[in-house]
J.: 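Have a look at the structure that comes next, please.
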Number of protein chains: 2
Amino acid sequence: MGHGIEDVARAAGVSTATVSRALRGLPHVTDATRERVRAVAAELGYVATPSARSLATGRTRTIGLLSPWVSHWFFANVIEGAERALREQDHDALLYTFDVFELGPRRRVETHVLRGRVDGVLVVGLPLEDAEVADLDALGRPLVFVGAGPTDRCTVRIDEVAVAHLAVRHLLELGHRRIAYVSGHPDDVSPWSAAVLRTHGWREAMTEAGLRTDLQVNGNFDMPGGRAATHELLDRHPDVTAVFASSDEMAMGVVVAARERGLRIPQDLSVIGVDGHELGEVVGLTSVAQDVLAQGREAARLVLRVIAGEPVPVRVTPPVRLVVRSSTGPAPA
Amino acid sequence: MGHGIEDVARAAGVSTATVSRALRGLPHVTDATRERVRAVAAELGYVATPSARSLATGRTRTIGLLSPWVSHWFFANVIEGAERALREQDHDALLYTFDVFELGPRRRVETHVLRGRVDGVLVVGLPLEDAEVADLDALGRPLVFVGAGPTDRCTVRIDEVAVAHLAVRHLLELGHRRIAYVSGHPDDVSPWSAAVLRTHGWREAMTEAGLRTDLQVNGNFDMPGGRAATHELLDRHPDVTAVFASSDEMAMGVVVAARERGLRIPQDLSVIGVDGHELGEVVGLTSVAQDVLAQGREAARLVLRVIAGEPVPVRVTPPVRLVVRSSTGPAPA
DNA sequence: CTGTTAGCGCATTCAC
DNA sequence: GTGAATGCGCTAACAG
């Protein structure tokens, strides 16, 4: 068990330097020597102590995952995808959640906890202030964004504006004119957050169609939020015939609220979401779907490539596709 | 930026040992000295390098989270709860997923990747072979289980048997007799997995009621699995009037399948799940609910207490409650 | 209360 | 191709 490199060296009849080289696949070691060292190491169950290795090399083989939540669909999937991809390349995933959407004054994201612990950072759908991004840069480690990121930084995310256009167009083609929008969070701090961009896209699409853009409510990114938002919306504007929700989870809330008000879907109210949530099928939710697991994987591979000194694209735009189910239908006459 | 303890020592006019003591709140330091050191450290933005600290102390202030998935509701919530609790006590969460439920031969959980990286381990709903548990023990770090764990190990989990009884009793009281069970995974390796215990509870409850226990199908722990299982079930046994699914995600699959077969819920088929998934409300799913976030929190605090040398209970059994909605109703006549 | 010293376990020059 | 020596940055005994 508690064997060190010196034990291996002694048992193999070589120096610790040779053990180090042999085990890490470095050149300048005879095949015979390498094999012998490997055999001894395996027998002793030797594994280099990570902290010692880190101290000596300055690298940790660990990537920090920064996210507001784990329990929301999008985030859980990005994290899972990233962790799998990292493990494939012998890296660890260190998880940090910062619930910046919590009620009350926004608490600053404490980036200092990452210092010295990671070789790179993945920011997962986390709206960051410029100062916070600067703090992360001060770590001196590569930064990759998923789901939302500054325009000039390496970011993996779908074309949020296009998503909104796709959803609105679908509703327009069904004859809807009174189209409401359930956004995620109202006062995001970063102009590049998904919430802000998607809202922008919605406004744009509506304006292009000559429609009003004041039918917007905040759904807080979750099902209960979407439900409350819908009640609030329909109290004020009972003539709305379609709702575009910025996530499937909120769209499900719209469905719940509609049922509570005795509205039939889609006869009285059409609902479309974003994500392609597996459970959307349960209520026949129409959605603009994306492959989130793949985005996590992709982003993880990007950080590793940056660390390896390889060039990476500044922006990866995964495809989306409209999945039409039964929650959207022709506008009532 | 890149300041070391020596820089702080020099700037504060003390030795590195004093800096170390002062910053960590150890005794034998004058308040005045402590304050001065703190001020200097803050100004220089000094943070002790984790790897150096780990190498010297043998502790990492990191807890390993082992889980089959992140994207499933139960696991996402446990992980989120644990991470939050750990961060509150200045610990990090290192995430490891091992998809032991993957198709094909079960791959052994590679515990060696944890060696030297963690001070403790949280096993989240992961069915482990005895040998794998032994491997984890060999890390020489405390082990706490959540959602499933060997009877003699510190485990946070609901009373699975009681859960099954609760669900079955609810259906019995509604007059159901042909009650089917959608389990998670068929061939779990550990006798203490949630799947095995819950199945046991179901058998027990059914037997007590004098009912047959052969109406069991495998739902693979997710919605599509629950759906496929239901079709398979109803093809063979069209007279089933109620289904008890081992998770809400699978229960949703039952709902989808029922709709696909033109069955009304609950008039033709009653469905009950386990978890209290937020989205269950969208389809009016009856469920045996548990507070999973709290379980993650609790488990995290337990590992930290074991590390601190405090005594901990060998078993924590969080409460569950039956949430009756519209997916269960009287058995058809 | 504070400073000096010796490691923690490994990677990495530089010699050979 | 291999070994000896040095240092990564910090903590922990031990002196004082």
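Reminder, nothing fancy here: chain letters follow the sequence lines and each chain counts from 1.
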J.: Looking only at the side chain of Thr57(B) (C-beta and beyond, no hydrogens), which of the listed nucleotides dT11(D), dT12(C), dG9(D) gets closest?
T.: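 Among dT11(D), dT12(C), dG9(D), the one nearest the side chain of Thr57(B) is dT11(D).
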
J.: Assess whether atom CD of Glu43(B) is packed by more than 12 heavy atoms of other residues, nucleotides or ligands within 6.0 Å.
T.: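 Count not over threshold, so no.
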
J.: Within the pair Arg53(A) and dC10(C), is there a side-chain N or O less than 4.0 Å away from OP1 or OP2?
T.: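 Looking at the OP1 and OP2 atoms of dC10(C), neither is under 4.0 Å from any side-chain N or O of Arg53(A).
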
J.: Parallel, tilted or perpendicular: which one describes the rings of Trp69(B) and His72(B), with boundaries at 30° and 60°?
T.: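 Because their plane-to-plane angle is under 30°, the rings of Trp69(B) and His72(B) count as parallel.
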
J.: Rounded to the nearest 0.5 Å, what separation is found between the CZ atom of Phe74(B) and the CZ atom of Phe221(B)?
T.: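 Spacing of CZ (Phe74(B)) from CZ (Phe221(B)) equals 10.0 Å.
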
J.: Of the candidate nucleotides dC8(C), dT12(C), dA12(D), which contains the atom at the shortest distance from the side chain of Arg24(B)?
T.: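 Looking only at side-chain atoms, Arg24(B) lies closest to dA12(D).
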
J.: For nucleotides 2-4 of chain C, print each protein N/O atom paired with a nucleotide N/O atom at under 3.5 Å, atom names and distance only.
T.:
from	atom 1	to	atom 2	distance (Å)
dT2(C)	OP1	Thr30(B)	OG1	3.1
dT2(C)	OP1	Thr33(B)	OG1	2.7
dT2(C)	OP2	Thr30(B)	N	3.0
dT2(C)	OP2	Thr30(B)	OG1	3.2
dT2(C)	OP2	Thr33(B)	OG1	3.4
dG3(C)	OP2	Ser15(B)	N	2.9
dG3(C)	OP2	Ser15(B)	OG	3.3
dG3(C)	OP2	Thr18(B)	OG1	2.8
dG3(C)	N7	Arg21(B)	NH2	3.0
dG3(C)	O6	Arg21(B)	NH1	3.2

J.: Do the side-chain N and O atoms of Thr97(B) and Glu83(A) include a donor-acceptor pair separated by under 3.5 angstrom?
T.: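 Result is yes, a qualifying pair exists.
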
J.: Counting only N and O atoms by type, is there a donor-acceptor contact under 3.5 Å from the side chain of Asp135(B) to the main-chain atoms of Thr111(B)?
T.: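 Judged by distance alone, no pair lies under 3.5 Å.
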
J.: CG/Asp92(A) to OG1/Thr62(B) distance, rounded to the nearest 0.5 angstrom?
T.: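 Answer for the CG-OG1 pair, Asp92(A) versus Thr62(B), is 10.0 Å.
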
J.: Answer yes or no: does a side-chain N or O of Ser20(A) lie under 4.0 Å from OP1 or OP2 of dC10(C)?
T.: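 No, no such contact exists.
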
J.: Starting at CZ of Arg115(B) and ending at P of dC10(C), how long is that distance when rounded to a whole Å?
T.: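 From Arg115(B) CZ to dC10(C) P: 11 Å.
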
